[in-house]
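Below is one structure, written out as structure tokens; comments come after it.
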Amino acid sequence: MSKIMGLSGNEAVAHAMRQINPDVAAVYPITPQTELMHQFAEFHSDGLVDTELVLVESEHSAMSATVGAAAAGARAMTATSANGLALMWEIVYIASSLRLPIVMPVVNRALSGPINIHCDHSDTMGARDSGWIQIFSENGQEAYDNAVMAVKISENKTILLPTMVTLDGFILSHTLERVEILEDNEVKKFIGEYHPETSLLDVDKPSTYGALDLQDYYFEHKRQQFEAMGNVLPVIEQVSKEYGKLSGRDYGLIEKYRVDDAERVIILMGSSVGTAKDTVDDLRNAGEKVGLIKIRVYRPFPYNALREALKHVKALAVLDRAISFGTFGGPVFTDVRAMLFGNGVSLPMMNYIYGLGGRDIDKAQIRLAFDSLKDVVKTGKVKKEVNFLGLRD
Amino acid sequence: MANLIEVRWHGRGGQGAKTAAMLLAEAAIEEGKHGQAFPEYGPERTGAPVRGYTRISDEQIRIHSAIQNPNVVIVLDQTLLDTIDVTEGTTSESVLIFNTSLTKDQIRKKLKNSDRKIYILNANQIAQEEIGRPIPNTVMLGALMKATGLMQMDTLLNGLTKKFKHKFSQQVIDKNIKAVKRAYEEVESE
């Protein structure tokens, strides 16, 4: 039996961590993540988890301690935001290349400067090539569900890669919502015990982690990471189905919302998806054929699922909550366009950058994006590819 | 979502606008409804103007944008009326509830949109008399229930008890409950 609670996104993920009960958690504060580990540390103080809590002196140390613990054979977690993730950087790559199934909630926040503590996706976007799985959350419920599923995905023997579970800073992390929490023993049973095949502390079966690996084998190891990433999507679909049976919530890789007969579609991720669903309903009620696709799993990128969903669409807008300088638009736009172009699909596409630094995104802005696609449907042409929503001229 | 109610709380840092916004949503969730609450993050200083927001609905609340057109505005501090337009974004359907020692006419003169439906309550006085401190936030929840019938009083009081029991003694909780009940009785409308 699940339990319904009013929780902030941070609290919801802290409950997931309590139920996951990791062997080790490295803790370092950064807004807006602080409350998450604060809550988890309270669970620890109350004796509700067996976790070894490591209070470190920086995010670089947080990721290092997590890597060390995971290499030693522990189920290890940490959490961060923005500049904290940036400070972890070199160890973030080491975690994935050592094939350590760490799960790390990242509370999305803009990277400074100028100094800003509010939501956008620029922090995790920078880590999109780091070899981590990245799963985005629409609301507090999904953040909780994703955190639980991530353990099972990362630890799958064909994968052994770390996962970032993201939730939008403040908009989700500090917003109280209705969240359904599974029973503790349901989560325990779902994720199972963690028994790595190799670990530093397994003295009967010695292994080496982090060895020097120059021209001779570095390349082959990168190839192995590439192959492991290739195994991820079917495993996520499988884990998602199992989780669906347990919780009633089966998410998959992407979510299609009123897409089947839609002519105009937008693609987006994170907390703005819910606002966009309400906008789609408003426009549908006015007889407009619109829909949206939510990307849940951003890394690895769900090529096939997206391509299939877009087959019949006449005009597409991709909404990016991050900016990429010196390219052809935001990161999601670039990925989607590369995917379509590589498959010979000629679909006129627009890119909208929105919500940077916590700028509010409302239904009126999303409606603007849909409206601008009308002309694209008519002419088959895009006048200007990269555009901005909710920005002063 | 026809049954969506959006509430905006105005207060000053320390008056509990955020706590009240959260408590209201939690009580709604407790009652089986959907609730969402979030503060507006700015400089967090005692005395600085702050806002809190609550959404309540019978259906899932998917929207995550700011509340622009609140159905209900609750003002915890009458001195805010001299510097802030608390009617911003309200419509002729909106309800405004004030914690104040002023009269309705005096309040109305300070409002930019003076035709709104208003309720007044001296919540500071009630809080001082019942709880012993002039903290108006929970008291105003009683006024809100009377003005909107948003949920059952019992549900609200259960939610309040649940939220406070980790922090406060039963005696303090009982005082709060008494203050909320008095607010429900004493709030004045047109």
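So that the names make sense, note that chain A is the first sequence line, chain B the second, and so on, each numbered from 1.
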Within 6.0 Å of NZ in Lys104(B), more than 12 heavy atoms from elsewhere
yes
CG/Asp278(A) to OG/Ser65(B) distance, rounded to the nearest 0.5 angstrom?
8.5 Å
Using non-hydrogen atoms and a 4.5 Å limit, figure out which bit of Leu172(A) sits close to chain B: side chain, backbone, both or neither.
side chain
Please look at Asp362(A) and chain B and tell me whether the side chain, the backbone, both or neither of the residue comes under 4.5 angstrom of a heavy atom of that chain.
both
Any side-chain heavy atom of Thr54(B) within less than 4.5 Å of one from Leu176(A)?
no
Ser271(A) versus chain B, heavy atoms under 4.5 Å apart: side chain, backbone, both or neither?
both
Taking the side chain as every heavy atom from C-beta outward, state whether Met22(B) and Thr175(A) have any pair of such atoms under 4.5 Å apart.
no
Less than 4.5 Å to any heavy atom of chain B: does that hold for the side chain of Asp282(A), its backbone, both, or neither?
neither
Flag if over 12 foreign heavy atoms under 6.0 Å of CD, Glu183(A)
yes
Under 4.5 Å from any heavy atom of chain A, what part of Gln68(B) do you find: side chain, backbone, both or neither?
side chain
How long is the span from the NZ atom in Lys277(A) to the CZ atom in Arg62(B), to the nearest 0.5 Å?
6.0 Å
When the 4.5 angstrom heavy-atom criterion is applied to Ile361(A) and chain B, the contacting part is backbone
Side chain to side chain donor-acceptor pair (under 3.5 Å) partner of Glu177(A), the single match among Gln60(B), Arg55(B), His64(B)
His64(B)
Given side chains that start at C-beta, do those of Glu40(B) and Phe170(A) come closer than 4.5 Å, heavy atoms only?
no
Note: Glu26(B) and Gly6(A) closest approach over all heavy atoms is OE1-O, 4.1 Å
